[in-house]
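The first residue of the sequence shown is numbered 1, and numbering continues consecutively from there.
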Amino acid sequence: MPKLVRLYITQVAIGFGIAAVFVAMLLWFDIANLWHLVTHSDKGLLAVIILWVSNGIVFAGVQFAIAVMRMKDDDDDEPRGGHRQRVMTREYMSIPVRVDDRRRPVQRR
């Protein structure tokens, strides 16, 4: 199995594990009276599964993103500057504009 696929599968499993702990804590601490809603409804188990899967998708994505961002090559330490180019400086100058002395009066309503 390629290393990237193995990395993805392990990070997704960790994300879904964190989501399971998160949903268990939501139920244990009875946030928004969730424990009562789940235990007193016939669709409570389905609601918990949907909550776990949706949180698992989010946490797995975040976990994989963190793992990818933490990857580092060993040759990234030396400074790289690239080719230096001169910055264009602009020289501003005034341009004379003709203005008629005869101006129209402003009409106010």
Taking only distance into account, with no hydrogens and no angle test, what donor-acceptor pairs under 3.5 Å do side-chain atoms of residues 19-32 form with protein atoms, sequence neighbours excluded?
from	atom 1	to	atom 2	distance (Å)
Asp30	OD1	Leu34	N	3.2
Asp30	OD1	Trp35	N	2.9

Taking only distance into account, with no hydrogens and no angle test, what donor-acceptor pairs under 3.5 Å do side-chain atoms of residues 47-61 form with protein atoms, sequence neighbours excluded?
from	atom 1	to	atom 2	distance (Å)
Trp52	NE1	Phe16	O	3.1
Ser54	OG	Ile50	O	2.9
Ser54	OG	Leu51	O	3.1
Asn55	ND2	Leu51	O	3.0

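Val12 and Met69 sit in two unconnected hydrophobic clusters of ILVMFWY residues. Membership requires side-chain heavy atoms under 4.5 Å apart, directly or through other members.
With a 6.0 Å radius and a threshold of 12 heavy atoms from other residues, nucleotides or ligands, Arg70 has its CZ atom at or below the threshold.
Through direct or indirect side-chain contacts shorter than 4.5 Å among Ile, Leu, Val, Met, Phe, Trp and Tyr, Ile9 is connected to Met1, Val5.
What you find for His36 and Asn33 is that their closest heavy atoms are CB-OD1, 3.2 Å.
Atoms CG and CE, from Leu4 and Met71 in turn, are 6.5 Å apart once rounded to the nearest 0.5 Å.
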